[in-house]
Amino acid sequence: MQHDALYYPSASRRMATFGKRGMVATSQPLAAQVGISILQQGGNAIDAAIATAAALTVVEPTSNGIGSDAFAIVWVDGKLHGLNASGPAPQAATIEALKALGHDAIPNHGMLPVTVPGAPAAWAALSERFGKLPFAELLAPAIALAEEGFAVTPVIHQMWEEAFHTYSAYSDTAFKPWFDTFTPNGHAPRPGELWSSPDHANSLKAIADTKAEAFYKGELAEAIDAFSREHGGLLRKEDLAAYQPEWVEPISVRYKGHDIWEIPPNGSGMIVLQALGMLEHLKPASDPFETLHRRIEATKLAYMDGFKHITERSEMLPTTEQMLDDRYLKTRAALIGEQAVDPAHGNPLQGGTVYLATADDEGNMVSFIQSNFKGFGSGMVVAGTGISLQNRGWSFSLDPQHPNALAPGKRTYHTIIPGFITKDNQAVGPFGVMGGYMQPQGQVQVVTAMLDDQLNPQAALDMPRWKWTAGKTIEVEADFPNHLALALARRGHNIVKVADSISFGRGQIILRDPETGVLQGGTEPRTDGAVLPL
């Protein structure tokens, strides 16, 4: 029989998933299976997260790869720990250098937007500090998947097909390794078609055997340097050798009796915290229309602050504390009225992406996110390695007056944000919604759905989503209730219905019951995801 793996004329329903001894939730079932297998072998939640992340570089290359960046929030022994594994711009990456090459903005694809990848260093750092099993064992399942191949899943096929058409527009030979690696049969793999990558497997082996040293100071660093030089890039082996991920203190706001945690800038989790902080200052709404309108307006205002101010934390004019100051958020909340507004940033100065969540029976929990940024990223695959490189530098500005202006060694505004919830100094659980600039507003929607609307994790992820794009324009999914869309339109929002849901984010959530320890998880209906319990 022949079927269309992307055609579903009837609505499907997924129940929340429960477990006691552990849980892994992510956007691809084989990757979730890898994480569960690590827990079954005696690994902890951190081990499971590393193994799942490595597997995702194989089974979901449309969103991440070995050349990705990563962030993590880890709950261990009653404390939260944050890891920022986003990489800086190369030392040769200056505004003058880009303009001398004829660019008024950083290009989306090619070697120029590539910054130092942080994902392999994140895996090694997490393993070194919190892991139980040997690092090489954690990458073994990903290596096997790359060697033996896997059957491509429907949503990943859809994203693969889109990338194939995007990169086909380029005649530059720098893109040839991407086609050699990801379209060996001359087309994007179809649903159910097998795909493998021996080069990818060999690179993972080198990373596994050296605890990522091969990527930053060894044979892979040499290969990246040579490829970058050959194709006009600025990234050099010295940039890779100098890199270290940064352990950071997560930041938070109080919302509905819970503490919502994010990684501090250069990550954009600040946007989530600002929006929730504004909503916390508003009195209960009189009807569902008002509630939805307020959530949209708060999110818009937070985005404008984020776009204006977030960059490398040491170079921000307002501090994190000033942007989350309760008095400032109260003044921002006061701007939310009956009608939609064109949002503007405030002045807080006083004077393809993958997400995964894991939990184990020791109480450890991990919120982990890893991304190449725009789909496959830069379109650059280092020949003979299977390493696809992110294009995170595209977020930099070439305006020297902009807070996020390009500078050597600087980390750019970053869209990927792992989230975490605690209550009364106890872990509630990790959550995240991947999808570029959708991520903060996706997080606002699932947090308010759980804490205001009292929805379980799966129901919160199932809710039809909205997405602010600019000004008063709000895109909504095709199944977004028409009466809500009309009510928003009456309040001045420009409502645009979008047929395809892939741009509305793809999230996962795991929550732990504080009394019984039972885990409850949810995953997206918008992706090929799975929640697997123990």
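Numbering starts at 1 and runs along the sequence shown.
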Q) Is it true that atom NZ of K330 has more than 12 heavy atoms of other residues, nucleotides or ligands lying nearer than 6.0 Å? A) no
Q: Indicate the ring-plane relationship of W160 and W195, choosing parallel, tilted or perpendicular according to the 30° and 60° boundaries.
A: perpendicular
Q. Do R294 and E297 meet the salt-bridge criterion of a basic N to acidic O distance under 4.0 Å?
A. no
Q: Would you mind reporting whether I263 and I73 have side-chain heavy atoms less than 4.5 Å apart?
A: yes
Q) Below 4.0 angstrom, N of the basic side chain to O of the carboxylate: do D342 and K300 qualify? A) no
(Q) Nearest 0.5 angstrom please: R229 CZ to M111 CE, how far? (A) 11.0 Å
(Q) Is any side-chain heavy atom of D225 closer than 4.5 Å to one of L235? (A) no
**Q.** Parallel, tilted or perpendicular: rings of Y303 and W468 (30°, 60°)
**A.** tilted
Q: May I ask you to decide if the ring planes of F307 and Y413 are parallel, tilted or perpendicular, using 30° and 60° as cut-offs?
A: tilted
Q | Carboxylate-amine/guanidinium proximity below 4.0 Å for R526 and E477 | A | yes
Q. Which residues satisfy the salt bridge (Lys or Arg N to Asp or Glu O under 4.0 Å) test with E128, sequence neighbours excluded?
A. none
Q. Under 3.5 Å, side chain of K497 to main-chain N/O of F480, donor-acceptor pair present?
A. yes
Q: May I ask you to say whether E312 pairs ionically with R411, meaning some side-chain N is under 4.0 Å from a carboxylate O?
A: yes
Q. Hey, what's the ring geometry for W394 with F373, parallel, tilted or perpendicular (30° and 60° as the breaks)?
A. tilted
Q) Heavy atoms, side chains only, cut-off 4.5 Å: are M270 and I251 in contact? A) yes
Q: Measure from the ring center of Y170 to the ring center of H109 and say whether it is less than 6.0 Å.
A: yes
Q | Ionic contact status for D209 with K205, cut-off 4.0 Å | A | no
